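Note that the structure is predicted; figures quoted are calculated from it, not measured. Letters A, B, ... are given to chains in the order of the sequence lines, protein chains preceding strands, and every chain is numbered from 1.
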Amino acid sequence: MTFISRPARARAIPLTGPAAKSLIETLSFAAAALFLVMLALFAAPQARAQGDSSVIVGLSSDKFPDTERALNELPASGLATAPDIVEALAANRLYFNGPARKLYFADEAGKMFDAATGEPSDVMASALKKVRINNAVRRSLDAARGALTLMSPDPAKRKAAADSVFKSRDATALPLLDAALAKETLASTRKVLEEARAAIVAGDSGANEVQRLEAIDILKSRGDQDAVSVLTTIASWSEGRVKAAAESASSVIQAKLALWRNVQNVWYGLSLGSVLLLAAIGLAITFGVMGIINMAHGEMVMLGAYTTFAVQEWARTSHPGLLNYSLFIAIPLAFLVTAAVGILIERVVIRFLYGRPLETLLATFGISLILQQAVRTIFGANNREVSAPSFMAGSFDFGSLQIGYGRMWIIVFAIAVFFALQFVLRATSFGLRMRAVTQNRRMASSMGIDTNRIDALAFGLGSGIAGMAGVALSQIDNVSPNLGQSYIIDSFMVVVFGGVGNLWGTLLGALTLGVANKFLEPIAGAVLGKILLLVFIILFIQKRPRGLFALKGRAVEA
Amino acid sequence: METRKPLLLSLIDTRGGIFLGLVAAATILVPVLALMVPANSAFALPPYLVALFGKYVCYALLAIALDLVWGYCGILSLGHGAFFALGGYAMGMYLMRQIGSRGVYANPELPDFMVFLNMKELPVTWWGFQSFPYAMLMVLLIPGLLAFVFGFLAFRSRVTGVYLSIITQAMTYALLLAFFRNDMGFGGNNGLTDFKDILGFNVQAKETRVALFMASTIALGAGYLIARAVTQSKFGKVVIAIRDAESRTRFLGYRVETYKLSVFVLSAMMAGVAGALYVPQVGIINPGEFAPANSIEAVIWVAVGGRGTLVGAALGAIIVNWGKTFFTGALPEYWLFALGALFVIVTLFLPKGVIGALDQFKARRQAAKQSGAAATAAE
């Protein structure tokens, strides 16, 4: 009953071969062939109608077992409307007329179609009853969907269907899989189809041992969590060599997965660490040079993010061609804007507070409140969206690891900023002066360095880097007036942990905290992991009160 | 030889006398206006104002506690809000246990949120909180213990200055995150609320509010006198020496860590009491009280009033919070501008706060008078 329409016709002709040869006359062969072709042509619609009607009767009988059976037959019935029926049923848009044995489906707009023919129909949905579904039906529905899409012209759909078969391991899908494999030409889709087939064969106690072992090998090469779950269920009821093979394959996969999990944690940790590095490095500079903690540092990050937003809006409205490259304008602009704001703050407020680090902390906190409220007044309290340029969207696979371009470029950016800053500090005259002031302010002053000017420029530099951090953060976080607040305490932790003796401390501190955070998260949960880190830092400070890389010498007692 | 004044009187100078007089006046006047003046009179004090004033008084006590460590010992704690909130939570837990079976789920043993979270029995941390004396003991002990452990670690390894401020901030931030967690068993982000009664009296009743207000003013007066006694004693002189020259004091043979730790613990306990009085008056305690910004705001109260003056701290708390009430009611957009500007202006132009500015003004007038007198004498 199931393979009737087209397969039956295909088989009909070769079957007639011997019979035709027994009749020597080619004419009669031709006549017989013509007759058989005609027979097939007539028989096929009839057979199809029979299969169709069985499906349609099953679906319109309003009994769950019948619905289920009809769904199992549906993929092979060859019904042209099969995908529509399945989708309509899944969306609760499939209707039936019980006495007339008629089935209708509605499209998304609510237009009704006859399910047997696919022709538009003018029945009213209100005159019909809906085909009901329960969990058992839903399972059959999913299987039918999977089977229907195995042959879909869209490779992505075929792949997804093969995946769903892999998960359901429905043995009845085996012939469909074989058929699909025979037609499949795309290597990647073939692989998934073979894996799905292997999942069924390996779990089939009726298949011979060699085949099952081969199937287990295929599953082993797939090497993900789904393969492990298939293998462990097989191992749980199999015996002998199959059991041993399944067990060893699953333990091999698990070891590999554990390794990849660690690699993934390190990657996420580096990503978080690079964000922390960007946010903290400017703080480390101002703290190192002037011995003050700039509580408005987080707001500099926020201003950088809003600059990015403003540049993007400007590009969108007046230079759409530049939209994709607006980040390249935003980076230097954010640096200049926040550096200017930083220098202004230093000249207007902080300059008068030297030697009173705690008061500076309060004053900068006040400034942070003002900046937050100012931005809220200008841009509104809602989150602003900064879209990712095309080169930062998407991701690529590295082993079992999915690497997003956005995160990757942020890491690259953080490293670039770090080394650029090292260059400024090590190789320029400004950097030399700045380091001199950091080490011993009075002696530097005696040597003719204008410490006031260095202070202002260092504050500007630190703020400018915060602004660039804001450009990067606008890609991964909400741009809101509170953006800075969420990073400021973490940045303090990085500075306190890394020390201000040199920038490598900040780098090491940021990356350590980032990676440690991501390794703690799966064990302790995100919040508890963060609490543990804070407690760790509080304890760490006991051991090294001035961080990992402390300034040495007399400057410490300043 | 000078005759010694009785201990209590020797603590009260002119400024302190005025302060205590005002506190005493409030203690008497508020109940009279709230309870005895008929409600339709212009002088009648509505209950919400009593609670509001009570809140100010609690903040003033917190400010005095903070002034004790910052103004006299040089420890800028950006985590005093944590001690305040812990005291508040201890009181809140007592009040939750008093609800009994009157909660939504009518569970005689468990507070509503525990029933909601499917907890079967009372966590160990909640044991004993049905007893008022035990809860009051915890109001002192929990903040005190946290301050002791934290201070012991921090002062022993000589974490000072900005580093200390940052890790106190980390402490309150860690507690904020911890109390947000439901499985901590302290009500998660909703905190503790829906209180019914305290010592058998309805928390919402006018009389209870007045009594709570009076308790707060008495606590404020007592807190002031304790802080004053500490700072005027020999112990207090050493503490001030530590503020001004820590290394020198250490070289003179004082155990700097012990002094700092004692003051820090005492201050934390005072903050805990302030929090405990605050909670029944505002009717809720939630993890938001641990927010680092709250602690920094408390620091600015002290700075506005004048650090190292005690009276100034209390005054600053009341001025700033009155301003907050006014702004958030009339010009909500501008409150953060005003507060931010206050931080900047006070640190730049009023480093000694309102009290310091008054003193300076007085001293200048005195000097002018004296120079005037000297000039006339010279003629």
* **Parallel, tilted or perpendicular, as decided by the 30° and 60° cut-offs, for the rings of A/Phe379 and A/Phe309** => perpendicular

* For the residue pair B/Phe186 and B/Trp126, categorise the inter-ring angle as parallel (less than 30°), tilted (30 to 60°) or perpendicular (more than 60°). => parallel

* **Proximity of B/Phe155 and B/Phe264 rings by center, below 6.0 Å** => yes

* Hey, would you say the B/Phe337 and B/Phe327 ring centroids sit under 6.0 Å apart? -> no

Interface residue of largest heavy-atom contact number with chain A, from [options], under 4.5 Å:
options: B/Ser165, B/Ala154, B/Gly161; answer: B/Ala154
options: B/Val159, B/Leu78, B/Leu153; answer: B/Leu153
options: B/Ala303, B/Ala341, B/Ala174; answer: B/Ala174
options: B/Leu339, B/Ile167, B/Val344, B/Ile296; answer: B/Ile296

Can you say whether [X] sits under 4.5 Å from chain A via the side chain, the backbone, both, or neither, judging by heavy atoms?
X: B/Tyr163; result: side chain
X: B/Ile345; result: neither
X: B/Trp70; result: side chain
X: B/Ala293; result: both
X: B/Phe150; result: side chain
X: B/Thr160; result: side chain

* Quick one: which of A/Val527, A/Leu358, A/Leu371 has the most heavy-atom pairs under 4.5 Å with chain B, could you say? => A/Leu358

[X] versus chain B, the contacting section by heavy-atom distance below 4.5 Å:
X: A/Leu353; answer: side chain
X: A/Val535; answer: neither
X: A/Leu534; answer: side chain
X: A/Leu528; answer: both
X: A/Ile370; answer: both
X: A/Ile367; answer: both

* Start with the C-alpha distance between A/Tyr306 and A/Val479, add both sets of side-chain angles, then the distance that settles side chain to side chain contact (heavy atoms under 4.5 Å, CB included), and finish with yes or no. => CA-CA 7 Å; A/Tyr306 272 95; A/Val479 178; 3.8 Å; yes

* A/Gln542 and B/Ser157: side-chain donor and acceptor closer than 3.5 Å? -> yes

* Using only heavy-atom distances, determine whether the side chains of B/Ser267 and B/His80 contain a donor-acceptor pair under 3.5 Å. => yes

* To do: Identify whether NZ of Lys or CZ of Arg in A/Arg347 sits under 6.0 Å from the centre of the six-membered ring of A/Phe352 and within 45° of that ring's axis.
  => no

Donor-acceptor contact below 3.5 Å, side chain [X] vs main chain [Y]:
X: B/Asp67; Y: B/Thr309; answer: yes
X: A/Asn440; Y: A/Met443; answer: yes
X: B/Thr172; Y: B/Phe290; answer: yes

